[in-house]
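Worksheet: the structure to be examined is printed underneath.
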2 protein chains.
Amino acid sequence: MEKQPYVCGLDAAVDVIDGKWKVLIIWALNHQRCRFGELKRLVPGVSEKVLTQQLRELAADGIVHRESYDVVPPKVEYSLTGLGEELNTALRPLGAWGKRRMATLAETGRG
Amino acid sequence: MEKQPYVCGLDAAVDVIDGKWKVLIIWALNHQRCRFGELKRLVPGVSEKVLTQQLRELAADGIVHRESYDVVPPKVEYSLTGLGEELNTALRPLGAWGKRRMATLAETGRG
DNA sequence: CAGTATCCACTAAGATACTG
DNA sequence: CAGTATCTTAGTGGATACTG
């Protein structure tokens, strides 16, 4: 969202998923719509500040939708937008590649 | 290569392509094997230090192959390994997604 | 519950100069 | 040509405490 004159589509795509936890967030939201607290559990290790921050960026990029219910206690739900779903689909082959790689790493004994 | 206990394959894949210029490098090498200087031209804006660094990380991850010829003046050629080619293939849908996104951004007037 | 505010630490990356 | 060395900076992310 910031580098702007992208060299290629890949460049533009990476720009969106760049951020330590973003793909994990997108991944988590693929399975279900989530509340803030659920997300925190699904993305282990992330701090509230960073989670909020990356969620906002993702929302600004049109990847996630933020639905705020005006109740007490507060309730906010995050879900993928259509664009987000598409991104997730585009991400799938990469995930498969990474999975194979993890297996290889385990075999060749890095773990 | 560092985060190690990956949550999913996507996590592992992103770890490999993480670095400001890595996808651009991989993209450039998809079209051809390149010498250091060529790469520098194909990845506009990268400094020598960073290019070297990311190339080494990519090599350590088994994505690129570094072939050094013992001549003078020095000649080194970089190319994708089999794993690198696979990664590139896995990256293609993401590139297509990004391309669509770029088009949308241009339409809706951010440029 | 779902954040915000603050302050700190680390690292990625940039500029520049030098070398075999 | 293909790097390496050094220094500096910007930005990202982490920990913790506080709020509507």
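Keep in mind that what you see is a predicted model, and the values were worked out from it rather than measured. Here is how names work: the chains are called A, B, and so on, in the same order as the sequence lines, proteins then strands, and each is numbered from 1.
- Residue Arg35(A) places none of its side-chain N or O atoms closer than 4.0 Å to OP1 or OP2 of dC1(C).
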Under-3.5 Å N/O pairs linking protein and nucleotides 14-17 of chain D:
unit_1	atom_1	unit_2	atom_2	d
dG14(D)	OP1	Lys20(A)	NZ	3.0
dG14(D)	OP2	Trp21(A)	NE1	3.1
dG14(D)	N7	Lys49(A)	NZ	3.3
dG14(D)	O6	Lys49(A)	NZ	2.4

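- Side-chain nitrogen and oxygen atoms of Arg66(B) include at least one within less than 4.0 Å of the OP1 or OP2 phosphate oxygen of dG3(D).
- With a cut-off of 3.5 Å on both Watson-Crick or G-U wobble distances, the partner of dG20(D) is given as dC1(C).
- Within the model, atoms CD of Gln32(A) and OG of Ser79(A) stand 11.5 Å from one another, a figure rounded to the nearest 0.5 Å.
- Rounding to whole angstrom units, NZ of residue Lys40(B) and C1' of dA15(C) are separated by 13 Å.
- Within the 4.0 Å cut-off from OP1 or OP2 of dC1(D), not a single side-chain nitrogen or oxygen of Tyr78(B) is found.
- Rounding to the nearest 0.5 angstrom, the gap separating the CG atom in Asp15(B) from the OH atom in Tyr6(B) is 3.5 Å.
- The separation between Leu24(A) atom CG and dG13(D) atom P is 12 Å, rounded to whole Å.
- Proximity of Gln54(B) to the phosphate of dA12(C): no side-chain N or O atom is located under 4.0 Å from OP1 or OP2.
- In this structure, the CG atom of Asp70(A) is 18 Å from the P atom of dC1(C), given to the nearest Å.
- For dA2(C), the OP1/OP2 oxygens have no side-chain nitrogen or oxygen of Arg41(A) closer than 4.0 Å.
- In this structure, CG of Leu55(A) is placed 14 Å from C1' of dC1(C), rounded to the nearest angstrom.
- We find that CZ of Phe36(B) is positioned 15 Å from C1' of dG20(C), with the value rounded to whole Å.
- Comparing Pro74(A) and Gln53(A), the nucleotide of DNA chain D nearest to each residue sits closer to the 5' end for Gln53(A).
- Paired with Cys34(A) under the rule side-chain contact (heavy atoms from CB on, under 4.5 Å), one option of Val64(A), Leu42(A), Val43(A) passes, and it is Leu42(A).
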